[in-house]
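Before any comments, here is the structure.
Every chain is numbered from 1, with letters handed out A, B, ... down the list of sequences. Quantities reported herein were computed from a predicted structural model and do not represent experimental measurements.
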Protein chains: 2
Amino acid sequence: MNIGQAATASGVTAKMIRYYESIGLIEPPIRTEAGYRIYATEEIHELRFIKRARTLGFSIEEARQLLALWRDKSRASADVKRFAMKHVRDLETKIEELQGMSLTLRHLARTCHGDDRPECPILADMALPGYDQPPHEQ
Amino acid sequence: MNIGQAATASGVTAKMIRYYESIGLIEPPIRTEAGYRIYATEEIHELRFIKRARTLGFSIEEARQLLALWRDKSRASADVKRFAMKHVRDLETKIEELQGMSLTLRHLARTCHGDDRPECPILADMALPGYDQPPHEQ
DNA sequence: CTTGACCTTACAATGGTGGGAAGCTCCATA
DNA sequence: TATGGAGCTTCCCACCATTGTAAGGTCAAG
């Protein structure tokens, strides 16, 4: 199985497979005489694992740690669960941030007439001072 | 007002002010004889506007468009509102993506015992095939 | 044997931001 | 007045994850 087939089978582009190899996320595979990378089922599984981790929003470094947990057959499932729940909290923090932005903008938009006239509280608000850092200086 | 004071007044770091200038987001300010950038109240307002737009999750290119709308005193408020609501939809799409990830991980974590034993459905699931692209090949 | 698809490496760009080096300027204090 | 330190200047590099491109080698089908 060469890199193109591995890409199709795993859902990771050939480009990214080479990149993951270059950063040591996956082991360099054996090569043909001509220098072509050859992947076995085992490697495809790893790539799929990585792909799935990325889809779930784990960073590459986190995927690296997950891979380590995956390979370590003797680690406690509690370790994995802790790791996963930490990521869930990270995701939810991010979600709350975005919801804050969305809500603020919705509120602003609601007060905007949205007609031919130029007056617009959205832009007016954005020019207001002291919004990003609440005023708490000396 | 030099760049450091402008940074403090606007909440945008000096570093980023120079960057915004370099990409043409703000106009190059006048300089002292020694080459120091000098900012007036007007520019501080623009920087604050940009900062606020970024805080609300607009990209720099979007901030550029918002600035154009802001400067154009005759544009219809409907244009601004449309722009803002488009961004709200973008934000909500992103939120849904993250919620999908979070939910999936929560479900997986719930089925994981989280004890000393190594069996863990979280990692088992992540190695499963055909998850990221639903199976619809030939 | 040619052609085209695929492989190889290497380098650049993206979006925002931070970090740092090397050199100049300003201002206060000794 | 000299000195020192803070702040300014430009320039280049790093991050993360991914994509694009270019120049060249290889494989398989026609």
- Donor-acceptor contact below 3.5 Å, side chain B:R18 vs main chain B:I3: no
- Task: Please list all pairs passing the side-chain hydrogen bond (donor to acceptor under 3.5 Å, both in side chains) test where one or both residues lie in residues 90-101 of chain B, with sequence neighbours left out.
- Result: A:S102-B:E92, A:R106-B:E92, B:K86-B:D90
- Minimal non-hydrogen separation, A:L47 against A:S10, with atom names: CB-CB, 3.5 Å
- Scan residues 29-42 of chain A for pairs that pass side-chain hydrogen bond (donor to acceptor under 3.5 Å, both in side chains), counting only residues two or more places apart or in two chains. A:E21-A:R37
- Measure from CD1 on A:I23 to P on D:dC16 and round the result to the nearest Å. 9 Å
- Task: Determine, for nucleotides 23-30 of chain D in 5'-to-3' order, which nucleotides have protein heavy atoms under 4.0 Å from the base (write B), from only the sugar-phosphate (write S), or from neither (write -).
- Result: --BBS---
- Which residues pass the side-chain hydrogen bond (donor to acceptor under 3.5 Å, both in side chains) test with B:R110, sequence neighbours left out? none
- For each nucleotide in nucleotides 9-22 of chain C, reading 5' to 3', give B when a protein heavy atom comes within less than 4.0 Å of its base, S when such contact involves only the sugar-phosphate, and - otherwise. BB-----BBSBB--
- Query: Once you round it to whole Å, what is the distance between P of C:dC6 and CD1 of A:I3?
  - Reply: 13 Å
- Of all residues at least two apart in sequence or in a different chain, which pass the side-chain contact (heavy atoms from CB on, under 4.5 Å) check with B:A9? B:M1, B:I44
- Message: Looking at A:E27, I want to see if its CD is surrounded by more than 12 non-hydrogen atoms of other residues, nucleotides or ligands under 6.0 Å.
- Response: no
- Could you give the CD1-to-C1' distance, from A:I38 to C:dT8, as a whole number of Å? 13 Å
- Query: Hey, are the side chains of B:F58 and A:L105 touching, using non-hydrogen atoms and a 4.5 Å cut-off?
  - Reply: yes
